[in-house]
Amino acid sequence: MDKFYITTAIAYTSKTPHIGNTYELVLTDAIARWNRFIGKDVFFLTGTDEHGQKIQEIAEAAGITPQQHVDRIAGEIKDIAKMLNISNDKFIRTTDDYHMKAVQGIFKRLYDQGDIYKSEYEGWYCTPCESFWTETQLKDGKCPDCGREVKRTREEAYFLKLSKYQDRLLQYIEEHPDFIQPESRKKEMVNNFLKPGLQDLCVSRTSFNWGIPVEFDPGHVIYVWIDALSNYITALGYTTGEKGELYQKYWPADVHIIGKDILRFHTIYWPIMLMALGEPLPKQVFGHPWMLFGEEKMSKSRGNVIYASDLVGRFGVDAVRYYMLHEMPFAQDGTITYDVFMSRYNSDLANTLGNLVNRTVAMVNKYFDGVIQPGDVSGDFDGDLKNTALTAVKNVAESMKSLHVADSLDHIWTVVNRANKYIDETTPWVLAKDEAQRGRLGTVLYNLIECIRIIAALLSSYIPDTSARIAAQINASALDFDSLSNFGATEAGVKVAAGEPLFARIDIEKTMKEIEASMAAPEEPAVPEPEHKPEIDIETFAKLEFRVGKVLECEKVKRAKKLLKMQIDLGYEKRQVLSGIAQWYAPEELVGKRVVVVANLKTAVLCGEESRGMILCASEGDQLTIVTPEADIPLGSEVR
RNA sequence: CGCGGGGUAGAGCAGUUUGGUAGCUCGUCGGGCUCAUAACCCGGAGGUCGUGUGGUUCAAAUCCCACCCCCGCAACCA
């Protein structure tokens, strides 16, 4: 039997995941279930990534231990998986004992063979926060957390030699055109990272301790990459000693399903780790798109977070699964709104599918006391109906092979639509009036039941509960993949159940009002309390020198998206200042404007241009405006 | 001139690799039917396929060129 090993990324346990985060679970589940359905020996892994500084901080802020915090979130994630009917075979947590041991082993092995070496990591250090920040994480050159000064510091750290393997990886990617999916992402990886040359990766930290310790060097903690990525093999029992039975059987992974944002880690760092370990690489990595809420990314601060439980509670698991699987494009971000959700629910699930099952079962009950008749009196339209059903089976298999899950559902719906049409064509209610047409009527209903059986079987990978409910209504026995190769596995003489609607239609207007009411309730109209910076004394403030200036010239900085370069007249001198406000101001708008310049800020170089000072701007969310003196005052006047 | 993706009916998408004047779902309008969850079936309207009235070609949404807009990634929002 063919094996099939599929994984999701492990979810970071910093906070409760929203619906967008859970999309990956459902998508992966559908693919896993389908492969099981067609007879593969599937191993489906998911889990949680539980280490790191951020978790340590969140736990500290909440006054609990990191372990308590991750236990809680991991529990929530497991509950969500359960609620969504996720059929994972295993749930790994990076705090699991066996994983931590295996990771230590991997780290040691890579160190012993020289692929990991000790060096120094240079970054910006904030003493009060005991945190390292990279250049890009800094806010205005200060600690992004507390806003205080940071120091250029070095710390000891271990590095993984990526450069050593980059040519081999490039070759692998070129020789395996399907390795990175979708295609567009592959170019991004190759052109942005591989071709310019890889920098060795820092794989340890000393700045926090919530992580897996480097066993031969206490004080160092293994940083996220080696810890998290290796879950895919440690979950199968891989260690640098014993490789484990599951590992022998299932590795390499057939596909890693991950968010497009972490493609780099999975297509560069992870393969290189495996190469260094001498293990085979995963066959495919699929970076799925994101599910957005309306036009925007979901985020708490925007107040537009939808949790899976909200939707499941209101509409049921399968409606949620159906929406996610059907409405998400293959390679572009998709959106979820209550409006679209409900109209898909009504049209696809309640009307087209639900009604087909309902009307068919009702007719079997009405005309034959619920007993399925033999399908032996064929007539017009039968051929096309059968053909549509059997072709759909092939089409679904085909699109699932290339992970086009949404297309698969479309293929199933062609059968649903064809069956609905068949009812209109054959008009069973007319046949029922003519005793001589008894046999034909039985056959028509038989064919419909058989179609419904095929539909139920095909749906089992996507909306398993509904699939089971349909099967129960028609009392179907054969639901396996092999039974789909021929039309006619339904047994005559079997009794159907009393009809019962699969999906009750939603009153969209009414429901929308309910949703709006429930969302509006906890809304706070006031401006939320901002995060404050530490108090300073007047002496500290006096160190700042603000002066009024006038913009003489302004132009965009080439090679930069956000940067404007302006020449500012301060009265006593002219100087060049760069500002990242191109998004809000066109260069010509600013010429002639008076601005407030921080005059004693250290000169910096941005995109190869010197910037001597900064201009003050007020900003909130995505709004921004420059600060300008209210009345005329000589250039160079000090502001305080 | 950093790398890449996208711009197709009111909405959401497919089609672009292997050129042949456009397709799916929802919505909308009209008709049919009554087995069924005011559901189902049929038909119509609606698109100069981002712009250039560009190039190649007998023929371009599809190939080439230029430009505009959106989105990722990278890079600096002093």
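The figures that follow rest on heavy atoms only: side chains count, while hydrogens, waters and symmetry mates do not. Convention: sequence-line order gives letters A, B, ...; per-chain numbering from 1.
- Contact annotation: the side chain of I615(A) never approaches that of V627(A) to less than 4.5 Å [non-hydrogen atoms, C-beta and beyond].
- At a threshold of 4.0 angstrom between heavy atoms, the contacts of S579(A) are confined to the sugar-phosphate backbone, with no base atom among them.
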message: Generate the contact string for nucleotides 4-10 of chain B. Rules: B means base contact, S means sugar-phosphate contact only, - means no protein heavy atom under 4.0 Å.
response: SS-----

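- Comparing U21(B) with G32(B), their C1' atoms sit 33 Å apart, to the nearest whole Å.
- Scanning for side chain to side chain donor-acceptor pair (under 3.5 Å) contacts around E553(A) gives an empty result, with sequence neighbours left out.
- Rounded to an integer number of Å, the gap from D339(A) CG to G27(B) P is 12 Å.
- A donor atom on one side chain and an acceptor atom on the other are found under 3.5 Å apart for D382(A) and Y422(A).
- For the pair D410(A) and G354(A), both in contact range of RNA chain B, the more 5′-proximal nearest nucleotide belongs to D410(A).
- In this structure, G43(B) and C29(B) make a Watson-Crick or G-U wobble pair, each of the two defining distances being under 3.5 angstrom.
- Around atom CG of D434(A), more than 12 heavy atoms belonging to other residues, nucleotides or ligands sit under 6.0 Å away.
- Separation of the P atoms belonging to G6(B) and C63(B) is 10 Å when rounded to the nearest angstrom.
- In this structure, CZ of R575(A) is placed 12 Å from C1' of A78(B), rounded to the nearest angstrom.
- Rounded to whole Å, the distance from OH on Y446(A) to P on C35(B) is 25 Å.
- Between F330(A) atom CZ and G15(B) atom C1' the separation is 16 Å, expressed in whole Å.
- No side-chain heavy atom of R314(A) sits under 4.5 Å from any side-chain heavy atom of F341(A).
- For R344(A) and G12(B), the shortest distance from a side-chain N or O to OP1 or OP2 is not below 4.0 Å.
- Here, G54(B) and A9(B) have their C1' atoms 26 Å apart, quoted to the whole Å.
- Checking U17(B) for Watson-Crick or G-U wobble geometry (two distances, each under 3.5 Å) identifies no partner in any strand.
- Comparing the P positions of G15(B) and G31(B) gives an interatomic distance of 37 Å, to the nearest angstrom.
- Nearest-nucleotide positions on RNA chain B place K433(A) closer to the 5' end than the other of S611(A) and K433(A).
- Around atom NZ of K550(A), no more than 12 heavy atoms belonging to other residues, nucleotides or ligands sit under 6.0 Å away.
- The distance between the ring centers of F179(A) and F286(A) does not fall below 6.0 angstrom.
- Atom C1' of A39(B) sits at a distance of 12 Å from the matching atom of C33(B), rounded to the whole Å.
- Under the 3.5 Å distance criterion, with hydrogens and angles disregarded, no donor-acceptor pair is assigned to the side chains of T352(A) and N420(A).
- K260(A) comes within 4.0 angstrom of no nucleic acid atom, judged by non-hydrogen atoms across all strands.
- If you check every strand for non-hydrogen atoms under 4.0 Å, L502(A) touches a base.
- Across all strands shown, R612(A) has no heavy atoms under 4.0 Å from either base or sugar-phosphate atoms.
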statement: Protein heavy-atom contacts under 4.0 Å, written 5' to 3' over nucleotides 38-43 of chain B as B (base), S (sugar-phosphate only) or - (none), form the string -SBBS-

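- Aromatic ring centroids of Y345(A) and Y323(A) lie 6.0 Å or more apart.
- What separates OH of Y367(A) from P of U34(B) is a distance of 10 Å, to the nearest Å.
- If you check every strand for non-hydrogen atoms under 4.0 Å, F503(A) touches a base.
- In this structure, E509(A) places its CD atom where only 12 or fewer heavy-atom neighbours from other residues, nucleotides or ligands lie under 6.0 Å away.
- Contacts of P428(A) with the nucleic acid, taken as non-hydrogen atoms under 4.0 Å apart, are absent.
- Checked options L445(A), L448(A), V444(A); the residue passing with I423(A) is L448(A) (criterion: side chain to side chain contact (heavy atoms under 4.5 Å, CB included)).
- With 3.5 Å as the limit, one finds a donor-acceptor pair spanning the side chains of H256(A) and W270(A).
- Across all strands shown, the partner of G2(B) is C73(B), judged by Watson-Crick or G-U wobble contacts whose two distances both fall under 3.5 Å.
- With C1' as the reference atom, G12(B) and U53(B) are 31 Å apart, rounded to whole Å.
- If you measure from atom CG of L409(A) to atom P of C26(B), you get 14 Å, rounded to the nearest angstrom.
- G27(B) atom P lies 15 Å from atom CD of E509(A), rounded to whole Å.
- Going from the P atom of C65(B) to that of C71(B) covers 25 Å, rounded to whole Å.
- Between the CD1 atom of I452(A) and the C1' atom of A36(B) there is a distance of 11 Å, given to the nearest Å.
- Look at the C1' atom in both U8(B) and G50(B): the space between them is 10 Å, to the nearest Å.
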